Every structure is written in structure tokens, then in C-alpha cells.
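Quantities reported herein were computed from a predicted structural model and do not represent experimental measurements.
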Amino acid sequence: MTQDIARLPMQDRFQHLLAVISGQRFLNKQGLGNEVPFFICPFKPEEAVEMERLQRQLINRLEQVGVRVLEINLYDLSIEILKERDIWEQILEMENSVTKEQLKELLQGVLDPAAHLVPAIAARLESTGFEVLFLSGVGEVFPYIRSHNVLNNLQRAAKEKPTVMFFPGDYGHSLESGASLDLFGKLHDDKYYRAFNIFHCEA
């Protein structure tokens with residue numbers, strides 16, 4: 001049953017997410033067994049536009065029932081960081097003259113999760129009143145930002161409130177390989193086991 005929710009029509013998934021996220025068990029971080037309150041909401045890459053619409057709808061409905069959501073899009077945040085560090089224009093200019101690998105290395109350095117990205121997220125968490133954090137834009141920032149690196153570095157900064165990462169791919173568990181984030185259902189992002197699949201959570 002739980003496995004099938006992620007394959008249901010988008011409106012059914014919306015109802016499940018709304019019921020789970022607005023519930024006191026979720027908001028009060030109950031039943032997590034001392035794990036960090038991180039949840040993965042996997043979806044098929046081809047559903048990206050629909051999922052973006054669902055997120056907007058979900059934020060609006062949650063606000064209506066008194067649950068404030070802070071949404072951080074990793075792609076938008078990355079651009080903000082590059083602009084704040086006065087290197088956005090430089091990157092645009094050099095994009096055509098360097099290899100993809102060189103560009104990736106440059107972006108990995110200036111958007112390093114531990115040094116730059118997570119501190120920027122932490123600053124927003126401290127300055128905003130919210131009950132739930134939504135992280136999106138995961139596919140857009142790959143490969144220079146890896147989702148498991150964001151989650152690993154976010155553990156200290158975002159442990160007080162539940163975090164939901166919208167993930168274009170699979171978040172699977174198996175006895176052989178443990179838990180893994182497979183971006184776009186093809187690219188093995190990395191082993192990450194300290195999050196719960198939100199479609200497996202009871203409403």
C-alpha cells in the first residue's frame with residue numbers, strides 16, 4: 001500500500017502529503033527514533049512541472065490550516081549566492097570557454113554545501129518563522145550540488161523542524177545496497193539513509 005502512493009495520480013499524492021504534513025505527529029517529529037526529521041518526496045523526472053504545481057498548491061493549503069512553509073529552491077539560492085559573491089557575471093562569460101568539468105569544479109567550490117550553501121540556508125531558517133522546510137530545485141543543481149551532501153551538512157542547522165526534499169528520482173531501500181538517492185531514476189547520487197520516504201508515512 002505505502003509503496004503504491006508514489007505511483008498514484010498527482011491529486012491523490014497531494015491529499016496524502018497534505019494529510020501527513022498538516023498532522024501533529026509529523027509537525028511534532030514523533031516516531032522518528034532519534035533520527036533527523038528529513039523526508040524525501042520522490043517523483044518521476046517527467047512529472048517536474050506537475051510537481052511544482054503541487055508544491056504551490058500544497059503550500060497554499062498548509063498556510064490555510066496554519067502550517068507555515070519555508071520553501072528554498074536550491075537553484076535560485078545558488079544564483080543568489082553567486083550574485084552576492086560578485087561572480088555570477090564572470091561565470092556566464094566564461095561558460096563557453098571552459099570545459100564542463102572545469103565549470104563543475106568551479107561551481108562545486110563556490111557553492112560548497114558546508115562552506116556556502118548550508119550557511120545561506122541556515123540564515124534563512126533563523127530569520128523566518130515556519131513549521132516545515134521545503135527544499136526543491138534538486139535536479140537543476142546537479143551535478144555541482146549533490147542532494148546527499150546538502151542533507152548531510154543540513155543535519156545540524158535544520159533539526160528543529162521537519163524538512164521535505166522534493167526529489168526527481170527514486171529514494172530506495174534494499175538489503176544489499178542500503179538506502180540510496182537515485183537522481184532521475186538513473187544517476188546514483190549516493191547512499192543516504194537518514195531520511196524517511198514521505199509516501200511511507202502514515203497520515
Side-chain angles (χ1 to χ4, degrees), residues 1-23 25-27 37-80 107 111 113 117 121 124-125 128 130-151 154 158 161-174 179-190 192-203:
M1 171 66 185
T2 52
Q3 285 285 0
D4 292 338
I5 294 173
R7 297 189 182 91
L8 288 175
M10 197 61 81
Q11 197 54 35
D12 293 330
R13 281 181 267 171
F14 169 79
Q15 294 299 338
H16 174 82
L17 291 169
L18 180 62
V20 169
I21 296 171
S22 62
R25 181 179 173 82
F26 180 89
L27 295 171
F38 287 176
F39 300 84
I40 306 292
C41 178
F43 60 93
K44 293 175 184 172
E46 59 268 28
E47 296 176 329
V49 173
E50 262 189 291
M51 183 54 76
E52 206 172 311
R53 199 178 304 126
L54 179 144
Q55 280 176 241
R56 299 260 73 77
Q57 198 182 351
L58 198 53
I59 290 169
N60 290 338
R61 286 291 300 278
L62 287 166
E63 301 268 338
Q64 287 170 14
V65 296
V67 179
R68 292 171 299 173
V69 176
L70 170 60
E71 185 192 7
I72 296 179
N73 182 296
L74 296 177
Y75 180 75
D76 293 341
L77 180 60
S78 296
I79 291 173
E80 279 181 41
L107 289 170
L111 294 170
L117 196 73
I121 293 172
R124 290 197 182 187
L125 302 185
T128 312
F130 69 99
E131 275 76 50
V132 182
L133 170 64
F134 278 9
L135 285 179
S136 60
V138 169
E140 290 88 336
V141 295
F142 182 86
Y144 49 92
I145 295 172
R146 307 290 283 264
S147 47
H148 73 277
N149 282 339
V150 175
L151 292 173
L154 202 55
K161 310 276 183 175
T163 293
V164 179
M165 176 180 273
F166 292 85
F167 187 79
D170 302 317
Y171 182 50
H173 294 252
S174 75
S180 64
L181 290 158
D182 296 318
L183 196 66
F184 310 131
K186 297 176 181 176
L187 301 168
H188 187 62
D189 189 15
D190 213 338
Y192 188 81
Y193 64 93
R194 300 199 68 184
F196 302 89
N197 187 323
I198 200 160
F199 291 121
H200 299 175
C201 298
E202 289 183 26

Worked verdict on L133 versus L70 for side-chain contact (heavy atoms from CB on, under 4.5 Å): CA-CA 5 Å; L133 170 64; L70 170 60; 4.0 Å; yes

Is there a side-chain contact (heavy atoms from CB on, under 4.5 Å) between M51 and C41 once you walk through the steps? CA-CA 10 Å; M51 183 54 76; C41 178; 4.2 Å; yes

Does F167 form a side-chain contact (heavy atoms from CB on, under 4.5 Å) with L135? I'd like the steps, not just the answer. CA-CA 9 Å; F167 187 79; L135 285 179; over 6 Å; no

Apply side-chain contact (heavy atoms from CB on, under 4.5 Å) to residues L18 and F14 and explain how you reach the verdict. CA-CA 6 Å; L18 180 62; F14 169 79; 4.2 Å; yes

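Side-chain contact between R13 and E50 is absent, with no heavy-atom pair separated by less than 4.5 Å. The closest side-chain heavy-atom distance from L17 to L54 is below 4.5 Å. The shortest distance between side-chain heavy atoms of I21 and I198 falls below 4.5 Å. L154 is not listed as a side-chain neighbour of L117, based on a closest heavy-atom distance of 4.5 Å or more. For the pair H16 and L8, the minimum side-chain heavy-atom distance is 4.5 Å or more. With contacts defined as side-chain heavy-atom distances shorter than 4.5 Å, the pair I40/F199 does not qualify.
Annotation: E80, atom CD; neighbour count of heavy atoms from other residues, nucleotides and ligands within 6.0 Å is above 12. The number of heavy-atom neighbours closer than 6.0 Å to OH of Y144, taken from other residues, nucleotides and ligands shown, is above 12.
In this structure, R53 CZ and M10 CE are separated by 8.5 Å, a value rounded to the nearest 0.5 Å. Rounding to the nearest 0.5 Å places CG of L125 at 7.5 Å from OG1 of T163.
In this structure a side-chain-to-backbone donor-acceptor pair under 3.5 Å is present from E63 to V69.
Aromatic ring orientation, F39 versus F26: tilted (interplanar angle from 30° to 60°).
One finds a salt bridge joining R56 and E71 here, because a Lys/Arg side-chain nitrogen approaches an Asp/Glu carboxylate oxygen to under 4.0 Å.
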